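Since the model is a prediction, treat every value here as computed from it, not as a measurement. Below, read A as the first sequence line, B as the second, and so on, with proteins coming before strands; counting in each chain starts at 1.
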Number of protein chains: 2
Amino acid sequence: MDSHKLYDAEYRFCSLVWDSEPVNSTELVRLAADQLGWKKSTTYTVLKKLCERGILQNDNAIVTALVKREDAERYESTIVVEKTFGGSLPRFLTAFLGERKLTDQEAEELKKIIEEAKQ
Amino acid sequence: MDSHKLYDAEYRFCSLVWDSEPVNSTELVRLAADQLGWKKSTTYTVLKKLCERGILQNDNAIVTALVKREDAERYESTIVVEKTFGGSLPRFLTAFLGERKLTDQEAEELKKIIEEAKQ
DNA sequence: ACCCGAGGTCTATTCCAGTAGACTACAGGA
DNA sequence: TCCTGTAGTCTACTGGAATAGACCTCGGGT
């Protein structure tokens, strides 16, 4: 349940998968070497752990994600709001905005997102 | 600069300080024992590190915070939005809301916060 | 029959956050 | 004078995230 928590390195790795799934494992080794500077065994070690935790899937060298990017993002955002802001989105928003100013356009975009989440 | 990053244990400890500053260090030892289950030396070790990083201040056994709760909260929220959502607040909001639904009242509150951050 | 690349496993090593134990110094009461 | 509480330091252990090196197997090409 809580094993959906992705550590930093895992998150970066999953990002590669999300960007290119379904992807061959050897190709993934190449991508991780390129974009993360990882050695082959590092990739396989991390891949295996993520498979064991039901986050990724490796089927005959074809890697796909069981936990989708949106799931991980939602989880991540929820955690922060809970841990740091007592679960209150308004408190999060207030803190984030701080002295920051929004343009009319940005404000409209945000309000639209909120409007769509009503009910 | 980036030393303002608070690790989990540090954050919990700072919360105690924020809640009760200015606070005597012995009293803080007591609070940390009560609320975090920490031993005395743990409290002093963490306190010292935070002082060295300019986050707290210990003056003749009177502890105060140089970095305020709002600063830490803003920092924390900014980090997530940047690290996980490419700095885009709309993307964060969309992810957080996900399938969640807002009541009219909640939506109004959020829109008000946004409105106040305009320009 | 041999080599090579694909596809992987298993076992370390390193680093650091988190936590604590043992010790020191000093001031004020009994 | 000794004890006790306050205030603090310094060193050390532990667990786990991050990373990698050495090794294994198997199928296809020469």
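Taking the six-membered ring for Trp and the full ring otherwise, the centers of B:Phe96 and A:Phe92 sit at least 6.0 Å from each other. A centroid separation of 6.0 Å or more is found between the aromatic rings of A:Trp18 and A:Phe13.
Residue B:Lys40 contributes atom NZ, which lies 13 Å from atom C1' of D:dC10 at whole-angstrom precision. Between the NZ atom of B:Lys49 and the P atom of D:dT9 there is a distance of 13 Å, rounded to whole Å. Atom-to-atom, CH2 of A:Trp38 to C1' of D:dA17 comes out at 11 Å; the value is rounded to the nearest Å. The CG-C1' distance, from B:Asn58 to D:dT6, rounds to 12 Å in whole Å. A:Leu47 has its CG atom 15 Å from the C1' atom of C:dC10, to the nearest Å. In this structure, A:Leu36 atom CG and D:dA17 atom C1' are separated by 15 Å, rounded to whole Å. Taking atom CZ on B:Arg53 and atom P on C:dC16, their separation rounds to 13 Å, with Å as the unit. A straight line from CG of A:Asp8 to P of C:dC16 spans 15 Å, rounded to a whole angstrom.
For A:Lys48 and C:dC10, the shortest distance from a side-chain N or O to OP1 or OP2 is below 4.0 Å. Look at B:Tyr44 and you'll find a side-chain N or O under 4.0 angstrom from OP1 or OP2 of D:dG8. OP1 or OP2 of D:dG8 lies within a sub-4.0 Å distance of a side-chain N or O belonging to B:Ser25. Between A:Thr42 and D:dA18 there is no side-chain N or O to OP1 or OP2 distance below 4.0 Å.
Side-chain atoms of A:Ser41 and base atoms of D:dA22 include no donor and acceptor less than 3.5 Å apart. On a pure distance criterion of 3.5 Å, no polar donor-acceptor pair joins the side chain of B:Lys39 and the base of C:dG21.
For B:Glu73 against A:Thr84, the heavy-atom pair with the smallest separation is OE2-O, 3.9 Å. In terms of heavy atoms, A:Val17 sits closest to A:Thr64 at CG1-C, 4.4 Å.
When each of A:Val63 and B:Gly37 is assigned the nucleotide of DNA chain C bearing its nearest heavy atom, the one mapping closer to the 5' terminus is A:Val63.
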**Report entry** Steps toward side chain to side chain contact (heavy atoms under 4.5 Å, CB included) verdict (B:Glu10, B:Arg53)
**Finding:** CA-CA 12 Å; B:Glu10 292 172 344; B:Arg53 277 157 54 204; 2.8 Å; yes

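Listed nucleotides: C:dG8, D:dA18, C:dG18. Nearest to the side chain of A:Ala61: C:dG8.
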